[in-house]
Asker: 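Please see the structure below; I have some questions.
What you are looking at is a predicted structure, and each value in this text was computed from that prediction instead of being measured.
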Amino acid sequence: AITAGDVFLRPSRFFLSLQHAMGKKADNAQMRLFNVVGRKVPKSEDEQPPLYRMKIFAPNKVVARSRFWYYMKKAQKVKKSSGEILGVSEVHESKPTQIKNFAIWVRYHSRSGQHNLYKEFRDTRLTGAVDQMYMDMASRHRADYSRIQIIKTGTIRAKDCKRPNIKEFHNSQIKFPLPHRVQRPSQKRFKTVFKYTRPNTAF
C-alpha cells in the first residue's frame, strides 16, 4: 500500500514506479485492439461536444483508456479531468486463420530525436503483427512501448510489399526442408543413453 509519507518522503521512487506501470507493458502481454470513444464533458456553453474515436493497441482496457487521454491531450487539448469516455470495445480479427501482409507506419522517439518508420510483417492477426513490431523496435532501435506511436496500419497485397524478407515468402514453390533430423524412440522404454550403432541424422 502507498501512503502519503511514501509520496512526500520518496517522490522519485514513487513517480518512477508510477511511470513504469503506466508507460510500459508487461513483457508477456499480447497486444489487443480497442475502439475508444470519448468527448469533452458537456457544459452550458457547449451542450453537444464532438465525439472522438481512436483505435488503440494496448494489452488491456485500462492501458487503452490511459493512451486515449494521452493522445487527446496532445491532439485536442482535452484532459481526463475535463472529458469522459463513452465506450471501450475490443476489435477482433475477421479472418484469424488466413495469413496476411500487414504494413505499419510508426513514429518513435529515440535518444537523438523523432523518427518515422514503415515496416511490414506477415501474420494471421493485426495484433500479432503489432507484437512483432514492438519486438522488432525493441531489438533494432531500443525503443520501448512508451516511446512508440502507431500512426496507421493496413493490409497490403503481395505485389505492393517492399521489404525483401516479406517478399521471399510470396513464392508458391517455397519449401522448408529438414536435412538434419534426430531419431526419437517410439516409446519411453526404448530410450537409452548409449547406442550400439551411430545414428544417421542426415537425410
Side-chain angles (χ1 to χ4, degrees), residues 15-38 52-80 85 88-171 174 176:
F15 289 110
L16 183 62
S17 61
L18 182 63
Q19 181 183 7
H20 178 78
M22 297 301 296
K24 294 184 178 181
K25 73 181 185 72
D27 295 336
N28 58 351
Q30 295 182 350
M31 284 290 126
R32 297 155 62 185
L33 177 58
F34 294 95
N35 267 337
V36 185
V37 180
Y52 299 96
R53 180 173 65 91
M54 292 187 189
K55 292 183 178 180
I56 304 293
F57 291 95
N60 51 58
K61 288 186 178 182
V62 177
V63 179
R65 295 165 68 99
S66 175
R67 299 295 287 181
F68 174 79
W69 290 122
Y70 171 80
Y71 292 120
M72 283 291 290
K73 184 178 180 181
K74 286 184 173 295
Q76 301 296 331
K77 307 298 182 183
V78 178
K79 298 189 296 184
K80 180 180 178 181
I85 292 180
V88 180
S89 60
E90 185 175 359
V91 180
H92 299 279
E93 192 73 26
S94 58
K95 297 180 180 179
T97 58
Q98 180 180 353
I99 188 72
K100 294 173 281 292
N101 304 308
F102 293 103
I104 303 178
W105 288 262
V106 178
R107 178 176 181 264
Y108 82 100
H109 177 70
S110 70
R111 290 170 291 182
S112 59
Q114 301 284 343
H115 308 277
N116 295 325
L117 288 180
Y118 168 79
K119 289 186 172 293
E120 294 176 356
F121 301 96
R122 280 176 62 84
D123 206 291
T124 57
R125 301 170 184 267
L126 176 58
T127 53
V130 171
D131 279 330
Q132 293 186 48
M133 183 272 298
Y134 277 112
M135 289 187 291
D136 184 78
M137 293 295 295
S139 61
R140 295 179 185 269
H141 306 281
R142 296 184 181 180
D144 58 3
Y145 175 74
S146 60
R147 294 173 177 265
I148 300 173
Q149 299 177 4
I150 299 177
I151 300 175
K152 185 174 64 172
T153 61
T155 305
I156 57 177
R157 294 175 293 182
K159 65 178 183 179
D160 297 330
C161 292
K162 302 177 182 179
R163 301 294 183 254
N165 61 330
I166 302 298
K167 294 170 67 175
E168 66 182 357
F169 288 97
H170 300 156
N171 182 9
I174 190 171
F176 299 94

Asker: Rounded at 0.5 Å granularity, tell me how far CD1 in I166 sits from CG in D160.
Answerer: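 The CD1 atom of I166 sits 13.5 Å away from the CG atom of D160.
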Asker: Answer yes when E90 and R32 have at least one side-chain N-carboxylate O distance shorter than 4.0 Å, and no when they do not.
Answerer: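 Looking at E90 and R32, the cut-off is met.
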Asker: Between R122 and F169, is there a side-chain heavy-atom distance shorter than 4.5 Å?
Answerer: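 With C-beta onward as the side chain, the pair touches.
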Asker: Report the distance from atom NZ of K119 to atom OG1 of T153, rounding to the nearest 0.5 Å.
Answerer: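 Going from NZ on K119 over to OG1 on T153, the span is 15.5 Å.
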Asker: Taking all atoms of both residues into account, what is the closest heavy-atom pair of Y71 and I148, and its distance?
Answerer: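 Answer, listing the atom of Y71 first, then I148: OH-O, 4.3 Å.
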Asker: Between V88 and N35, does a side chain to side chain contact (heavy atoms under 4.5 Å, CB included) hold up when you go through it step by step?
Answerer: CA-CA 6 Å; V88 180; N35 267 337; over 6 Å; no
Asker: Is the closest side-chain heavy-atom distance between L33 and K55 below 4.5 Å?
Answerer: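 With C-beta onward as the side chain, the pair touches.
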Asker: Please check: side-chain N/O of K162 versus main-chain N/O of E120, any donor-acceptor pairing under 3.5 Å?
Answerer: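 Pair absent, no side-chain N/O of K162 close to backbone of E120.
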Asker: Rounded to the nearest 0.5 Å, what's the gap from CD on Q30 to CG on N60? Could you check?
Answerer: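 So the gap between those two atoms works out to 13.0 Å.
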Asker: Kindly indicate, with the supporting measurements, whether the criterion side chain to side chain contact (heavy atoms under 4.5 Å, CB included) is fulfilled by Y118 and R163.
Answerer: CA-CA 10 Å; Y118 168 79; R163 301 294 183 254; 3.3 Å; yes
Asker: Applying side chain to side chain donor-acceptor pair (under 3.5 Å), run through H170 and N101 and close with a yes or a no.
Answerer: CA-CA 10 Å; H170 300 156; N101 304 308; 3.3 Å; yes
Asker: Count the heavy atoms of every other residue, nucleotide or ligand shown that sit under 6.0 Å from NZ of K80, and state whether that count exceeds 12.
Answerer: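 Check fails, neighbour count at 12 or below.
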Asker: Return yes when atom CZ of R65 has more than 12 non-hydrogen atoms of other residues, nucleotides or ligands closer than 6.0 Å, and no otherwise.
Answerer: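 Result for CZ/R65: open.
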Asker: Measure the shortest side-chain to side-chain distance between I156 and F102 over non-hydrogen atoms and say whether it is less than 4.5 angstrom.
Answerer: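 No, side chains not in contact.
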Asker: I need the minimum non-hydrogen distance between A64 and A58, along with the two atoms involved.
Answerer: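 Smallest interatomic distance, heavy atoms only, reads N-CB, 3.6 Å.
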Asker: What do the steps show when you test D144 against Y134 for side chain to side chain contact (heavy atoms under 4.5 Å, CB included), and what is the final call?
Answerer: CA-CA 7 Å; D144 58 3; Y134 277 112; over 6 Å; no
Asker: Please lay out, stage by stage, how K100 and R157 fare under the test side chain to side chain contact (heavy atoms under 4.5 Å, CB included).
Answerer: CA-CA 8 Å; K100 294 173 281 292; R157 294 175 293 182; over 6 Å; no
Asker: Looking at F57 and V130, what are the two nearest heavy atoms and their distance?
Answerer: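 Minimum heavy-atom contact is CE2-CG2, 3.6 Å.
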Asker: Can a donor-acceptor pair be found, under 3.5 Å and without considering hydrogens, that links the side chain of D131 to the backbone of M31?
Answerer: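 Here the side-chain-to-backbone pair exists.
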Asker: For R53, is the CZ atom crowded, meaning more than 12 foreign heavy atoms sit under 6.0 Å from it?
Answerer: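 No.
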Asker: Quick one: pull up CZ in R125 and CD1 in I99 and give me the separation to the nearest 0.5 Å.
Answerer: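 Atom-to-atom, R125:CZ and I99:CD1 are 11.5 Å apart.
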Asker: Would K61 and F34 count as a cation-pi pair here, with the cationic atom under 6.0 angstrom from the ring centre and within 45° of the axis?
Answerer: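 Verdict for F34: no cation-pi partner in K61.
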Asker: Is any side-chain heavy atom of V36 closer than 4.5 Å to one of Y52?
Answerer: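 Of all side-chain heavy-atom pairs linking V36 with Y52, none is under 4.5 Å.
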Asker: A side-chain contact here means heavy atoms from C-beta on lying under 4.5 Å apart; do T155 and L126 qualify?
Answerer: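 No, side chains not in contact.
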Asker: To check you understand the geometry: which heavy-atom pair defines the closest contact between F121 and Q132, and what is its length?
Answerer: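 Heavy atoms only, the tightest pair is CD2-OE1, 3.6 Å.
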Asker: About how many Å separate NE2 of H115 and OG of S110, when rounded to the nearest 0.5 Å?
Answerer: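 Going from the OG atom of S110 to the NE2 atom of H115 covers 2.5 Å.
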Asker: Where the side chain of Q149 meets the backbone of Y108, is there a donor-acceptor pair that is under 3.5 Å apart?
Answerer: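 No: the side chain of Q149 does not pair with the backbone of Y108.
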Asker: Do R67 and Y145 meet the cation-pi criteria used here (NZ or CZ under 6.0 Å from the six-membered ring centre, within 45° of the axis)?
Answerer: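 Geometry flag: set, cation within 6.0 Å and 45°.
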Asker: In Å and rounded to the nearest 0.5 Å, what is the CD1 to CG distance from I150 to L117?
Answerer: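 So the gap between those two atoms works out to 12.0 Å.
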